[in-house]
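The block underneath contains the structure these notes are about, expressed in structure tokens.
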Amino acid sequence: MRRTPVRASSRSSRSSRSSRSPRLRAALAAVAVAAVAGSTLAAAPAPASASAAPARTGLAADTTQFKGVNWADPRDNFADDYLQLSGLSTSDTYRQTYAKASRIIAAFRANLGANTVRLPINPYTVNGAYWKSYRGVIDAASDQGFKVIVSYWEGTGTRKDGYIDDEATYWPMWNTVVKAYKNDKRVYFEPMNEPHGYTDTEWADLAAKWLDTYRSVPRNRVFVSGAGYNDHVTSVCADPRLKGTYLSLHHYGFWKSYATYDEWVADLKVRIGDCANRTVADEFGAPMTDGLNYDVKTPDNNYVNFIQAVTDTFRELKMGSVYWPGLRTDDTYSVQKLVGPVNRPWLETTNQSGADRLAWAWGRGRPVQG
């Protein structure tokens with residue numbers, strides 16, 4: 001999940017972003033490790049054998065089939081209770097949830113051309129009474145032909161430490177989700193979002209345990225998060241136990257106070273190594289509600305440089321990407337906002353130039369103008 005500091009004008013409505021938390025400081029420190037192509041990550045790129053040929057792994061030749069957005073709880077998906085995606089209510093029935101979700105998914109497609117949505121899960125939601133209704137979101141997306149990435153988020157407060165909160169509830173959660181969706185070829189499983197509490201080796205061990213536990217799930221329907229804050233995939237790519245899975249990468253403009261276009265390209269590529277054919281950037285983002293124009297080169301603006309660099313690179317490397325967030329209430333990064341009545345929601349685009357860059361990353365549209 002994104003740990004961005006918000007602008008002063010929006011801090012009052014987002015108390016979880018009111019100051020840089022220890023987690024954010026840790027993220028920023030971790031990011032510095034791979035700041036440029038000469039970083040320590042570059043010293044250990046994944047060997048060519050780790051990016052096995054598609055014919056042997058069941059993976060597609062590249063990851064361009066994933067063109068998507070995150071749909072999030074206003075609390076950033078960190079919760080010690082039911083997850084409530086923006087525009088939904090935990091008091092809704094399955095039918096009501098399905099109907100609302102169907103409209104929002106349709107709006108993601110109509111407004112952005114998306115075909116993928118990434119959704120959070122946690123034990124409270126899956127192991128509790130709300131699971132019956134929450135399934136309406138997954139079902140609505142799948143029924144409309146969307147690819148659905150379900151990812152485990154840890155809790156908040158002291159639980160927000162980059163570790164699985166409680167394995168006694170984590171594994172039963174996945175038992176339920178896998179049983180429900182292992183036969184739905186549109187549903188993909190991401191064992192954990194941003195496992196930064198673990199070392200690279202510990203996280204690879206845990207991901208391997210997940211794969212061993214759920215052998216009935218085809219590996220090409222599993223997203224193994226990059227280590228740390230999902231900030232590099234080179235270590236998981238190099239682990240032969242994780243062969244045949246997709247890898248998920250996160251990348252954000254706020255990780256640097258300023259970088260040029262070329263520096264952002266270098267920063268991104270070192271985190272990927274030679275693993276682009278397996279990697280999906282399932283979180284990346286920048287401000288969308290403050291009037292920035294991402295369609296025009298603006299070398300003195302860090303966020304414009306960032307968005308232009310990463311979307312160009314995703315297109316160049318034939319990588320899929322899932323923007324953070326497609327929809328999250330009161331998030332300045334949200335590229336969509338809710339409109340219409342509560343029971344018949346629709347979406348509007350908050351920044352057309354941002355949507356244009358997504359289209360470019362996904363193989364459509366026009367390049368940045370001079």
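Quantities reported herein were computed from a predicted structural model and do not represent experimental measurements.
Residue Tyr94 is found in a hydrophobic cluster whose other members, listed by chain and number, are Tyr98; membership requires side-chain heavy atoms under 4.5 Å apart, directly or through intermediates. Hydrophobic side-chain contacts under 4.5 Å tie Trp360 to no other Ile, Leu, Val, Met, Phe, Trp or Tyr residue. In this structure, Val339 belongs to a hydrophobic cluster whose other members, linked by side-chain heavy atoms under 4.5 Å apart, are Trp346.
Classification of the Trp174-Tyr170 ring pair by plane angle, with boundaries at 30° and 60°, yields perpendicular. Under the 30°/60° scheme for interplanar angles, the aromatic rings of Phe254 and Tyr252 are found to be tilted.
Annotation: ring pair (Phe, Tyr, Trp, His ring centres under 6.0 Å) contacts involving residues 120-150, sequence neighbours excluded, comprise Tyr82-Tyr130, Tyr130-Tyr134. Under the salt bridge (charged side-chain N to carboxylate O under 4.0 Å, His left out) criterion, the residue pairs touching residues 307-325 are Lys269-Glu316, with sequence neighbours excluded. Among residues at least two apart or in separate chains, salt bridge (charged side-chain N to carboxylate O under 4.0 Å, His left out) pairs with a member in residues 81-103 are Arg75-Asp81, Asp92-Lys100. Under the salt bridge (charged side-chain N to carboxylate O under 4.0 Å, His left out) criterion, the residue pairs touching residues 207-218 are Glu167-Lys209, Asp212-Arg215, with sequence neighbours excluded.
The OH atom of Tyr323 sits 10.5 Å away from the CG atom of Leu112 when rounded to the nearest 0.5 Å. For the atom pair CD of Gln84 and OG1 of Thr125, the computed distance is 10.0 Å after rounding to the nearest 0.5 Å. Remark: Asp295 CG to Ile307 CD1 distance equals 11.5 Å, nearest 0.5 Å. From Arg135, atom CZ reaches atom OG of Ser133 across 11.0 Å, with rounding to the nearest 0.5 Å. Taken to the nearest 0.5 Å, the CG atom of Leu83 stands 11.0 Å off from the CZ atom of Phe78. Separating the OG1 atom in Thr116 from the CG atom in Asn70 is a distance of 10.5 Å, to the nearest 0.5 Å.
Remark: side-chain polar atoms of Glu154 are not paired, donor with acceptor, to backbone N or O of Asp165 under 3.5 angstrom. Distance alone, capped at 3.5 Å, is enough to place a donor-acceptor pair between the Gln369 side chain and the Pro367 backbone. In terms of modelled atom types and a separation under 3.5 Å, the side chain of Asn115 and the main chain of Lys67 share a donor-acceptor contact. Judged by distance alone, with hydrogens and angles left aside, the side-chain atoms of Asp239 form no donor-acceptor pair with the main-chain N or O of Ala204 at under 3.5 Å. No donor-acceptor pair closer than 3.5 Å links the side chain of Asn277 to the backbone N or O of Ala61. Between the Thr298 side chain and the Val296 main chain, a donor and an acceptor come within less than 3.5 Å of each other. Remark: the backbone N or O of Gly320 is not paired with any side-chain donor or acceptor of Gln65 at under 3.5 angstrom. Arg219 contributes no side-chain N or O that, together with a main-chain N or O of Leu59, makes up a donor-acceptor pair within less than 3.5 Å. Using a distance-only test at 3.5 Å, with no hydrogens or angles considered, no donor-acceptor pair links the side chain of Thr313 to the main chain of Val265. Of the possible donor and acceptor atoms, none in the side chain of Asn351 sits under 3.5 Å from a partner among the backbone N and O of Thr289.
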*Check step by step if side-chain contact (heavy atoms from CB on, under 4.5 Å) holds for Asn193 and His250.*
CA-CA 10 Å; Asn193 172 74; His250 294 179; 3.2 Å; yes
*Carefully, step by step, assess Thr97 and Val137 under the rule side-chain contact (heavy atoms from CB on, under 4.5 Å).*
CA-CA 6 Å; Thr97 301; Val137 184; 3.6 Å; yes
_Could you walk me through whether His251 and Asp267 satisfy the side-chain contact (heavy atoms from CB on, under 4.5 Å) test, starting with their C-alpha distance in whole Å, then the side-chain angles of each, then the deciding distance to 0.1 Å, before giving a yes or no?_
CA-CA 9 Å; His251 202 225; Asp267 183 274; 2.6 Å; yes
*Could you check Arg328 against Tyr333 for side-chain contact (heavy atoms from CB on, under 4.5 Å), going step by step and ending with a plain yes or no?*
CA-CA 8 Å; Arg328 179 182 171 220; Tyr333 280 37; over 6 Å; no
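Partners of Arg364 according to the salt bridge (Lys or Arg N to Asp or Glu O under 4.0 Å) rule, which considers only residues two or more places apart in sequence or in another chain, do not exist here. Residues forming a salt bridge (Lys or Arg N to Asp or Glu O under 4.0 Å) with Lys147 (at least two apart in sequence, or on another chain): none. Shown here are the salt bridge (Lys or Arg N to Asp or Glu O under 4.0 Å) partners of Asp356, two or more places apart in sequence or in another chain: there are none. Residues that satisfy the salt bridge (Lys or Arg N to Asp or Glu O under 4.0 Å) test with Asp139, not counting sequence neighbours, are absent from this structure. Residues passing the ring pair (Phe, Tyr, Trp, His ring centres under 6.0 Å) test with Tyr258: none are found, sequence neighbours excluded.
The nearest pair of heavy atoms linking Leu292 to Tyr303 is CD1-CB, 4.0 Å. Nearest heavy-atom pair across Thr350 and Ser334 is OG1-O, 2.7 Å. Minimum interatomic distance between Tyr294 and Gln308 (heavy atoms only, all atoms of both residues): O-NE2, 2.9 Å. Summarising the geometry of Glu194 relative to Ser225, their closest heavy-atom pair is N-OG, 4.4 Å, with the distance given to 0.1 Å. For the pair Asn230 and Pro195, the tightest heavy-atom approach, listed with the atom from each and the gap, is OD1-CD, 3.6 Å. In terms of heavy atoms, Ser142 sits closest to Val148 at N-CG2, 4.0 Å.
Checked against His196 for a ring-ring contact (aromatic ring centres under 6.0 Å, His included), the options Tyr229, Trp203, Tyr163 give a single hit: Tyr229. When each of Val177, Ile138, Leu119 is paired with Val187, the side chain to side chain contact (heavy atoms under 4.5 Å, CB included) condition holds for Ile138 and for no other.
Residues Trp71 and Leu88 have side chains in contact (heavy-atom distance under 4.5 Å, counting atoms from C-beta outward). Counting heavy atoms from C-beta on, the side chains of Val69 and Leu327 never come closer than 4.5 Å. Side-chain contact check for Tyr261 versus Pro299: every heavy-atom pair is 4.5 Å or farther apart. With a 4.5 Å cut-off on side-chain heavy atoms, Val270 and His232 do not count as touching. Side chains of Thr349 and Gln336 form a contact here, defined as non-hydrogen atoms less than 4.5 Å apart. Side chains of Asn175 and Tyr214 form a contact here, defined as non-hydrogen atoms less than 4.5 Å apart. Considering only heavy atoms from C-beta on, Asp205 stays 4.5 Å or farther from Tyr198 through its side chain. Side-chain contact between Leu347 and Ile104 is present, with heavy atoms from C-beta onward closer than 4.5 Å.
Aromatic rings from Phe223 and Phe189 are positioned such that their centres are separated by 6.0 Å or more.
A donor-acceptor pair shorter than 3.5 Å can be found between the side chains of Thr245 and Arg278. Between the side chains of Thr199 and Thr201, no donor-acceptor pair is found at a separation under 3.5 Å.
The pair Lys256-Glu263 does not meet the salt-bridge criterion, since no charged nitrogen lies less than 4.0 angstrom from a carboxylate oxygen.
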